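To start, the structure under review is shown below, and the notes come after it.
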Amino acid sequence: MNIVTQIEDTLKQEIEQAVLNAGLAKAEEMPEVILETPKEKEHGDYATNMAMQLARIAKKAPRQIAEEIVGQLDAEKASIEKIDIAGPGFINFFMDQSFLTQVVTEINEAKESYGSSDVGQGKKVQIEFVSANPTGTLHLGHARGAAYGDALANVMEKAGYEVQREYYINDAGNQIGILAKSIEVRYFQALGKDVDMPEDSYRGKDIIELANQLVEKHGDEFANMTVEERLEAFRNFGLEHLLERIKQDLEEYRVPFDSWFSETSLYESGVIEQAVDQLRENGYVYEAEGATWFRSTDFGDDKDRVLVKNDGTYTYLTPDIAYHQNKIDRGFDELINVWGADHHGYVNRMKAAIQALGNPKDLLDIKIVQLVHLYQDGEKVKMSKRTGKAVTMQELIEEVGLDATRYFFIMRSNDSHLDFDMDLATSESNENPVYYVQYAHARICSMLKQAEEKGIDVNAEANVSVLTSEKEMDLLKRLGDYPQVITEAASKKMPHRIPQYVFELAGDLHSFYNAEKVINPDDMERTQARIALIQAVRIVIQNALQLIGVSAPEKM
RNA sequence: GUCCCAGUAGCUCAGCAGGAUAGAGCAACAGACUUCUAAUCUGUAGGUCGGGCGUUCGAAUCGCUCCUGGGACGCCA
C-alpha cells in the first residue's frame, strides 16, 4: 500500500476510535470518516467534518463534539503533529511531515508501477469504443472517443481492473450496401462514365480512392459482371480496405484493441434469434403492424422499438442486443460503451434490452463523448462525413501532432462539448499545456544528464529527509496524491483527471526549479536528495503521460 | 413537443457521492535570463458559479422550476 493511503487510513481509524471512546456514537450509527485536503494551508494537511456529521446523532454542538474527539485522539499513533478546531467544527490535522519524504524512495523503488493498485480487484471489464462503421475513415469524433476509451482502459488497468478493449465492426447493415453502391458509382466515374451519386451515398475522398484502386488493378472487368456480383465484390473490397485503414489509423494514434468483433458473426452463429426468443420468453415482445416489437417502455424508454421489420429483416437494434448478450455471456463483470453524442438517444433502449434479458441494470455503463468543434484562425471548421469535407483524424494528427491531439482530447471531461483550438495545439509556446508538461520532463532529463556528466551517481541512495523546503514539500505532496488520482479517475471513469494532475505536477516542478538549485557540488547530501526527488517526478510524469498516450521527450 | 449534455473570470475549462475566503491556463498589467533549457518562474487585476424557489448548521455541488446554447428523437445505422 502507498505511504499516503497508509497514513490516511490510520488517521481515519484513529478518528473513528476516538468517536467511539468519547461515546459520541455507537458503532452501528458511525458515519463514514471523510478526510479532505483543505485548500488553505492554514487549515492543515487534512480536515474532517466528523463533528458536524455527529451533531444530530450526539445532539451536541459541533465544536463541543470536536473538542471531545480531539481529547480522545492518539496523536502519536496517527502521526499528527498538531490539531486545530476551526470554523463551524472542522478538525484540522497538521501531520508529521517526515513521512512524506518516504514517497520519493517508494516511487524510485516502484518505478512505473507506482500508482498501481488493486481497488479494481481484478474485476473483468470490457470497454467497447470507437466502433466506427467501416464505411469511411475516422474523423474528429472518433478521435475523441478513441482517446477517451484508451485512457480509461489504461487507467482502469492501473487501478487493478482486468480490461478488454473491443471494437464492434458494423459490417452487416444497410450502410454496407450503400458503401458498395457508392464505390460502384465512383468506379464507373473513374472509368469515365457519367453516373450520378444517389442521395444517400458516401461522398468521401476515400471512396474515390478505392474506386481508382479498383480501376488501376482490374480495369473495367467489374463492369461486365452482374450487378449482384459486382456489388458483392465491391462490398468485400470496401470493407477490407476501409477497416484496414481504420486499424492503421488507430495504431498510429497509439490506441490498441484486444478484440475486433464482427456484426456478421452474430448472423452466422444464430445468437440474434436466440436473443429475440429470450426477450419473447421474458414477456417483452409483441407483434403489431406486421413487425415484431420490443416493449422497452417497461424499462423507461420513450417508445417501444421494432426488432423485426415488416420485410422480415432486423433493425440495427436487434443484432446489437444480441451482441450485448454475447458480451455478457463472455463473463464480463461490467460493460462500458463509449458512444458519440449522436447516439445518446439510443442509451435507454440498450439499457432496457439489458434488463429485459434478465441482467442487472448497472451491468452496462454508457459513456457519451460530446461533440468536438474545431477552430482554426478563429473560425469554426466544419466537419461532415457525407459532404466529403470531413476533417479526418489523420488530417488532425498531421496538422497538430499526435501528442497534442491526444492531450487535448483527454484533458476535458467527456461530457462537455469540446472546442479544439488548432492554433493553440500547434503553438510551441507557453500557451500550450502539452509542451508545458513535456518540458518539465525534458528539464529533469537534462538535469540528470548534467549530474551524470559531473560524475554524480543519479541512482545512489539518498538521504531524503533533508527535503524540507516549501517547494520540495509541495512536490512531495503532489507525488503522494498520484495513486489516489488514479483510483478516482478509474472509479469515476474520468481519465481527464490525469492530464489535470500531471499539469499541476509539472507546475510544481517548474516552480521548484526556479526556486532551488538541484545540482550543488558544495552540498552533496542535498544534491543527492534532490536528484532522487526529480527522478521520482520524472517517473510519475512519464507514467501519467503514458496513460493518456502522450510521449515524454528527454530533450526539447 | 419529449429526452440527453452544457451554462463558473474577457476566452477555454476544472471543481459538483454538500464544507471554510470558488480554482487553473490563456489573454491584460508589472517584474525575473553572466545562474542546472525563459516552451520557465514571481506578482497584480479579474466572479450576482444562467435566474428563481426549496432541502441543510452549510449549496457552484442535491431537488423543483424557468431561461439560453448544443445534440438526439426512423420498421436508418
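Every value quoted in this text rests on a predicted model; they were computed, and no experiment measured them. Side chains are part of it too, since the values below use all heavy atoms of this structure and drop only hydrogens, waters and symmetry mates. Order of the sequence lines sets the chain letters (A, B, ...), proteins ahead of strands, with each chain counted from 1.
- Distance check on atom C1': B:G23 versus B:U61 gives 15 Å, rounded to whole Å.
- Checking each of A:Tyr323, A:Trp260, A:Tyr316 against A:Tyr168 for a ring pair (Phe, Tyr, Trp, His ring centres under 6.0 Å) leaves exactly one that passes, namely A:Tyr323.
- Distance CG (A:Asp342) to P (B:G74): 14 Å, rounded to an integer number of Å.
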Exercise for review: Start with the C-alpha distance between A:Ile456 and A:Gln450, add both sets of side-chain angles, then the distance that settles side chain to side chain contact (heavy atoms under 4.5 Å, CB included), and finish with yes or no.
Suggested key: CA-CA 9 Å; A:Ile456 298 169; A:Gln450 287 184 42; over 6 Å; no
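- In this structure A:Glu334 satisfies the side-chain hydrogen bond (donor to acceptor under 3.5 Å, both in side chains) test together with A:Lys493, sequence neighbours excluded.
- At B:A77, none of the side-chain N or O atoms of A:Arg349 fall inside 4.0 Å of OP1 or OP2 (strictly under the cut-off).
- Among the atoms of the strands shown, none is found under 4.0 Å from any heavy atom of A:Arg305.
- Counting any heavy atom pair closer than 4.0 Å across all strands shown, A:Ala451 reaches no nucleic acid atom.
- Residues A:Leu317 and A:Arg443 each lie close to RNA chain B; by heavy-atom proximity, the contact nearer the 5' end of the strand is made by A:Arg443.
- Distances shorter than 4.0 Å separate some side-chain N or O of A:Lys309 from OP1 or OP2 on B:C76.
- Residues that satisfy the salt bridge (charged side-chain N to carboxylate O under 4.0 Å, His left out) test with A:Arg235, not counting sequence neighbours, are absent from this structure.
- Considering only side-chain N and O atoms, A:Tyr513 lies under 4.0 angstrom from the phosphate OP1 or OP2 of B:A38.
- Taking atom P on both nucleotides, B:C3 is separated from B:U8 by 24 Å, rounded to a whole Å.
- Between A:Glu554 and A:Arg538, none of the side-chain N atoms (NZ, or NE/NH1/NH2) sits under 4.0 Å from a carboxylate O, so this pair counts as no salt bridge.
- Comparing atom distances between the A:Asp419 side chain and each of B:A14, B:G15, B:C13 picks out B:C13 as nearest.
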Under 3.5 Å, N/O pairs linking protein and nucleotides 28-35 of chain B:
residue	atom	partner	partner atom	Å
B:U35	O2'	A:Lys517	NZ	2.8

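- Applying the side-chain hydrogen bond (donor to acceptor under 3.5 Å, both in side chains) rule to A:Tyr482 yields the partners A:Asn543; only residues at least two apart in sequence or on another chain are considered.
- Separation of the C1' atoms belonging to B:U56 and B:A9 is 29 Å when rounded to the nearest angstrom.
- The P atoms of B:A17 and B:U55 are separated by 22 Å, rounded to the nearest whole Å.
- A:His496 comes within 4.0 angstrom of sugar-phosphate atoms only, judged by non-hydrogen atoms across all strands, and of no base.
- Ring geometry, A:His373 versus A:His417: the interplanar angle falls under 30°, so the pair is classed parallel (tilted spans 30 to 60°).
- Evaluation of the salt bridge (Lys or Arg N to Asp or Glu O under 4.0 Å) test over residues 498-520 of chain A, restricted to residues two or more places apart or in two chains, returns A:Arg478-A:Glu504, A:Arg478-A:Asp508, A:Glu516-A:Arg530.
- Between the CD atom of A:Glu516 and the P atom of B:U42 there is a distance of 12 Å, rounded to whole Å.
- Put simply, A:Tyr436 has a side-chain N or O that comes within less than 4.0 Å of OP1 or OP2 on B:C41.
- Residue A:Ala291 is in base contact, counting any heavy-atom pair closer than 4.0 Å across all strands shown.
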Can you check nucleotides 5-8 of chain B for protein contacts, nitrogen or oxygen pairs under 3.5 Å, and list what you find?
residue	atom	partner	partner atom	Å
B:C5	O2'	A:Asp415	O	2.5
B:C5	O2	A:His417	NE2	3.3

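- A sub-4.0 Å separation between OP1 or OP2 of B:G74 and a side-chain N or O of A:Lys303 is present.
- For A:Lys471 and B:U42, the shortest distance from a side-chain N or O to OP1 or OP2 is below 4.0 Å.
- Within the structure, salt bridge (Lys or Arg N to Asp or Glu O under 4.0 Å) contacts touching residues 432-447 of chain A (residues at least two apart or in different chains) do not occur.
- On the P atoms, B:C49 is 41 Å away from B:A38, given to the nearest whole Å.
- Using a 4.0 Å heavy-atom cutoff across all strands shown, A:Ser413 reaches sugar-phosphate atoms only and no base atom.
- Using a 4.0 Å cut-off, no side-chain N or O of A:Thr315 falls inside it from OP1 or OP2 of B:C76.
- Residue contacts for A:Gln438: at a heavy-atom cut-off of 4.0 Å it reaches no nucleic acid atom on any strand shown.
- Along RNA chain B, the nucleotide nearest A:Met494 and the nucleotide nearest A:Tyr316 are compared for position; the residue whose nucleotide lies closer to the 5' end is A:Met494.
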Review point. Which letter, B, S or -, goes with each nucleotide of nucleotides 17-24 of chain B from 5' to 3', with contact meaning a protein heavy atom under 4.0 Å?
Key: B-BBB--S
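- Among the protein residues, A:His510 comes within range of the sugar-phosphate backbone only, with heavy atoms under 4.0 Å from sugar or phosphate atoms but none that close to a base.
- For the C1' atom pair drawn from B:C13 and B:A20, the interatomic distance equals 25 Å after rounding to whole Å.
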Point to revise | Pairing string, 5' to 3', for RNA chain B - Watson-Crick or wobble contacts under 3.5 Å, brackets [ ] where pairs cross, | to another strand | key: (((((((..((((.....[...)))).(((((.......))))).....(((((..]....))))))))))))....
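- Looking at residues two or more places apart in sequence or on another chain, you find a salt bridge (charged side-chain N to carboxylate O under 4.0 Å, His left out) between A:Glu470 and A:Lys41.
- Residues satisfying the side chain to side chain contact (heavy atoms under 4.5 Å, CB included) test with A:Met30, not counting sequence neighbours, are A:Glu16, A:Val19, A:Leu20, A:Met50.
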**Study point:** CA sep, side-chain torsions, deciding dist, call: A:Phe129, A:Tyr148, ring pair (Phe, Tyr, Trp, His ring centres under 6.0 Å)
**Key:** CA-CA 9 Å; A:Phe129 61 116; A:Tyr148 175 83; 8.7 Å; no
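- Atoms OH (A:Tyr346) and P (B:C73) sit 12 Å apart, rounded to a whole Å.
- Rounded to whole Å, the separation between the C1' atoms of B:A72 and B:A77 comes to 14 Å.
- A:Ser446 comes within 4.0 angstrom of a base, heavy atoms only.
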Tabulate below the donor-acceptor pairs under 3.5 Å that side-chain atoms of residues 336-346 of chain A make, not counting sequence neighbours, or state none.
residue	atom	partner	partner atom	Å
A:Asn337	OD1	A:Lys327	NZ	3.0
A:Asn337	ND2	A:His324	NE2	2.8
A:His344	ND1	A:Ala341	O	3.1

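- Residue A:Arg530 has no polar side-chain atom (N or O) positioned under 4.0 Å from OP1 or OP2 of B:C36.
- When all heavy atoms are compared, the tightest approach of A:Phe294 to A:Ala356 is CE1-CB, 3.6 Å.
- Rounded to whole angstrom, the span from the CZ atom of A:Phe408 across to the P atom of B:C11 amounts to 19 Å.
- Rounded to an integer number of Å, the gap from A:Phe512 CZ to B:U42 C1' is 17 Å.
- Following rounding to the nearest Å, A:Asn432 (CG) and B:G25 (P) show an atom-to-atom distance of 15 Å.
- With rounding to whole Å, A:Asn348 atom CG is found 16 Å from B:A72 atom P.
- Atom CD1 of A:Ile444 is separated from atom C1' of B:C36 by 12 Å (rounded to the nearest Å).
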